[in-house]
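A quick write-up on the structure given underneath.
Along the sequence shown, residues are numbered consecutively beginning with 1. Computed from a prediction, not measured in an experiment: that's the story for all the values here.
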Amino acid sequence: MDALQIPGTSNGQTKVIREGDNGVAYSWNLKDYKWDKIGEVVDGPDDGGRKPVLDGVEYDYVFDVDIGDGEPIRKLPYNLAEDPYTAADKWLLKEDLPLVYRQQVVDFILQNSGKKNFVPDPSFRDPYTGSSAYVPGGPSNVSAESRKPIFKHIPKKGVLVFDVAQFDGILKKIVEFNNALLADSEKKNYALPELEVSRLSAIVKILKDTSHYHSTKFADADVVLLLNLLRSWPRESLFPVIDMLRMIVLHPDGAILLLKFIDSDGILLELIQKVTMAPVIAANLLTSIRLIANLFKNSGYYNWLQKHRSEILDAFSSCYSSANKAVQLSFSTLILNFSVLLIDEKDLDGQGQVLSAALEIAEEENLEADSKFRALVAIGSLMVEGGDDIKRTALDFDVESIAQKAKISKDAKIAEVGADIELLTKER
């Protein structure tokens with residue numbers, strides 16, 4: 001029951017809590033900021049057996065998926081009661097994978113879960129992409145409802161995070177930088193003693209064990225240790241420390257601890273100023289943007305993100321034109337996450353600033369495809385669900401021209417979201 005003291009990270013997140021000999025499901029109610037009791041959990045496919053757990057949540061299945069290209073194995077969770085198309089879309093978006101793999105993932109789920117004779121619900125509308133479930137050879141729906149615009153990629157629901165990390169590499173780099181400080185007579189006072197280096201190893205061990213995120217804890221001293229390094233270490237040595245913090249904010253207890261410190265001493269704003277100061281170090285910039293993007297996963301940070309929105313976006317404003325493709329993608333993700341939050345919060349000033357940034361990104365010629373796609377999704381989402389003036393502002397800035405250029409892109413998803421936006425420009 002102690003797990004219910006930890007706030008949820010997104011509306012509708014579920015936890016299964018042991019009450020006596022039974023498992024009871026709770027759902028996070030973001031509006032009322034509390035866990036709502038759903039009811040007792042019945043046995044899954046492995047009756048009497050322990051269900052697999054991912055990020056502190058139990059599922060009927062957690063599949064290992066090898067996507068190739070030297071990428072790490074990804075975890076695909078699935079519950080039998082869930083629509084496989086919804087599960088596929090959520091997973092592809094979470095893992096930053098192209099939505100064109102949707103049917104392939106659905107087929108994989110159906111085959112490996114033993115779910116036979118599945119028939120998609122014809123009235124299904126995916127909350128992530130707004131599209132219908134794909135039915136091979138299915139008839140066209142020509143009802144009155146279908147005459148309303150149906151968008152493929154907008155409005156965006158939910159945020160994207162950077163949750164893949166090479167923990168051993170991060171730790172190795174911190175130790176390497178620490179040894180260099182120890183060897184420098186003028187800087188050795190900034191180096192960590194052996195006891196604190198071993199504490200970093202313990203932090204990594206907790207972060208690697210994702211199946212126990214619901215029960216593992218950090219000490220205040222763990223977060224203080226990393227924040228002290230942000231303040232004291234040379235700028236060129238900061239990026240692995242920032243990267244470790246990026247993953248700590250995805251851990252429920254780690255996120256709560258860090259929030260306590262950033263509310264009181266402004267450490268993250270100091271960091272943003274430090275990493276965007278010339279000469280800019282690309283690794284610092286990349287890890288910092290990803291750290292801020294990951295804050296959106298936890299609702300506890302929403303007030304901080306809204307309050308400092310202008311400072312954050314102004315500091316990183318030139319990142320869309322970076323020569324580093326990973327920096328471009330990270331900044332576009334930050335813009336997309338801000339659009340989702342500010343739409344939910346009905347923050348009209350914030351929506352205007354985010355729209356302006358997204359339009360700048362979308363007009364950039366030398367842009368990586370996924371970066372452009374995320375900026376276009378942000379634009380379309382703001383036009384659909386933002387304030388009344390947002391759509392007019394977008395039209396004033398010739399969003400129609402941006403949509404037309406996107407429509408003829410060789411990248412399928414850019415062409416699709418371009419078509420979505422063009423539909424919006426024709427609505428009256």
Side-chain angles (χ1 to χ4, degrees), residues 93 96 98-100 128-130 149 151-160 285-286 289-290 292-293 296 309-310 312-343 347-387 389-427:
L93 287 165
D96 297 334
L99 290 172
V100 293
Y128 287 82
T129 65
F151 305 111
K152 193 169 182 66
H153 296 289
I154 57 176
K156 175 75 173 73
K157 300 295 183 184
V159 298
L160 301 178
L285 201 60
L286 176 65
I289 299 172
R290 289 181 170 183
I292 303 302
F296 287 84
R309 173 256 311 160
S310 191
I312 294 167
L313 294 181
D314 287 346
F316 291 128
S317 61
S318 62
C319 290
Y320 73 92
S321 59
S322 169
N324 186 310
K325 302 296 186 186
V327 169
Q328 289 180 4
L329 180 62
S330 300
F331 181 62
S332 289
T333 305
L334 180 66
I335 292 297
L336 182 54
N337 285 354
F338 260 119
S339 72
V340 172
L341 172 63
L342 298 173
I343 287 169
D347 183 337
L348 301 183
D349 288 342
Q351 290 174 24
Q353 185 180 10
V354 171
L355 176 66
S356 176
L359 288 167
E360 267 193 313
I361 297 171
E363 289 178 324
E364 177 69 19
E365 294 295 332
N366 300 314
L367 200 65
E368 190 265 343
D370 281 338
S371 301
K372 188 177 286 280
F373 173 71
R374 292 180 186 186
L376 290 166
V377 171
I379 293 167
S381 298
L382 286 163
M383 290 177 68
V384 172
E385 294 198 330
D389 291 337
I390 291 296
K391 185 173 177 180
R392 284 194 289 270
T393 301
L395 291 169
D396 289 344
F397 281 91
D398 200 15
V399 73
E400 189 169 4
S401 173
I402 292 173
Q404 287 169 354
K405 286 180 183 176
K407 263 188 71 178
I408 60 173
S409 170
K410 293 178 181 177
D411 187 286
K413 62 182 182 294
I414 290 178
E416 288 166 355
V417 75
D420 285 347
I421 295 172
E422 187 179 56
L423 262 181
L424 280 170
T425 66
K426 292 177 178 177
E427 282 186 337

Which atom pairs, one a donor and one an acceptor, fall under 3.5 Å between side chains of residues 370-380 and the rest of the protein, sequence neighbours left out?
unit_1, atom_1, unit_2, atom_2, d
D370, OD1, K413, NZ, 2.8
S371, OG, L329, N, 3.0
S371, OG, E368, OE1, 3.1
K372, NZ, A362, O, 2.8
K372, NZ, E364, O, 3.0
R374, NH1, T333, OG1, 2.6
R374, NH2, D96, OD1, 2.8

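- Under a 3.5 Å cut-off, the side chain of E400 and the backbone N or O of L395 do not form any donor-acceptor pair.
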Would D389 and R392 count as a side-chain contact (heavy atoms from CB on, under 4.5 Å) here? Give the steps.
CA-CA 5 Å; D389 291 337; R392 284 194 289 270; 2.2 Å; yes
Considering only distance and modelled atom types, tabulate donor-acceptor pairs under 3.5 Å from the side chains of residues 352-361, sequence neighbours left out.
unit_1, atom_1, unit_2, atom_2, d
Q353, OE1, R309, NH1, 2.5
Q353, NE2, D314, OD1, 3.3

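- Within the 4.5 Å cutoff, the side chain of L285 has no heavy atoms near those of the N324 side chain.
- Here the CD atom belonging to E365 is positioned 5.5 Å from the NZ atom belonging to K405, to the nearest 0.5 angstrom.
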Between I154 and L424, does a side-chain contact (heavy atoms from CB on, under 4.5 Å) hold up when you go through it step by step?
CA-CA 11 Å; I154 57 176; L424 280 170; 3.7 Å; yes
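- Without hydrogens or angle criteria, K156 side chain to G158 main chain gives a donor-acceptor distance under 3.5 Å.
- Atom CG of D396 has more than 12 neighbouring heavy atoms from other residues, nucleotides or ligands inside a 6.0 Å radius.
- Each of I335, V340, L342 was evaluated against F338; a single residue qualifies, L342, per the side chain to side chain contact (heavy atoms under 4.5 Å, CB included) test.
- No donor-acceptor distance shorter than 3.5 angstrom exists from the side chain of D420 to the backbone of F151, with no hydrogens or angles considered.
- Taking OG of S381 as the reference point, atom CG of L336 lies at 6.5 Å (rounded to 0.5 Å).
- One N or O on the side chain of N337 and one on the backbone of A293 form a donor-acceptor pair closer than 3.5 Å.
- Summarising the geometry, atom NZ belonging to K391 is positioned 11.5 Å from atom CD1 belonging to I421; distances are rounded to the nearest 0.5 Å.
- Here the CD-OG1 distance, from Q404 to T425, works out to 7.5 Å after rounding to the nearest 0.5 Å.
- D349 meets the salt bridge (Lys or Arg N to Asp or Glu O under 4.0 Å) test with no other residue; sequence neighbours excluded.
- Residue I343 holds its CD1 atom at 11.0 Å from CG of L348, rounded to the nearest 0.5 Å.
- Scanning both residues, G350 and D347, for their nearest heavy atoms gives N-OD1, 2.8 Å.
- Residues I312 and L334 form a side-chain contact, since some pair of their non-hydrogen atoms from C-beta on lies under 4.5 Å apart.
- When side chains are defined from C-beta on, E385 does not count as touching Q351, because their heavy atoms never get closer than 4.5 Å.
- S330 contributes atom OG, which lies 11.5 Å from atom CG of L160 (distance to the nearest 0.5 angstrom).
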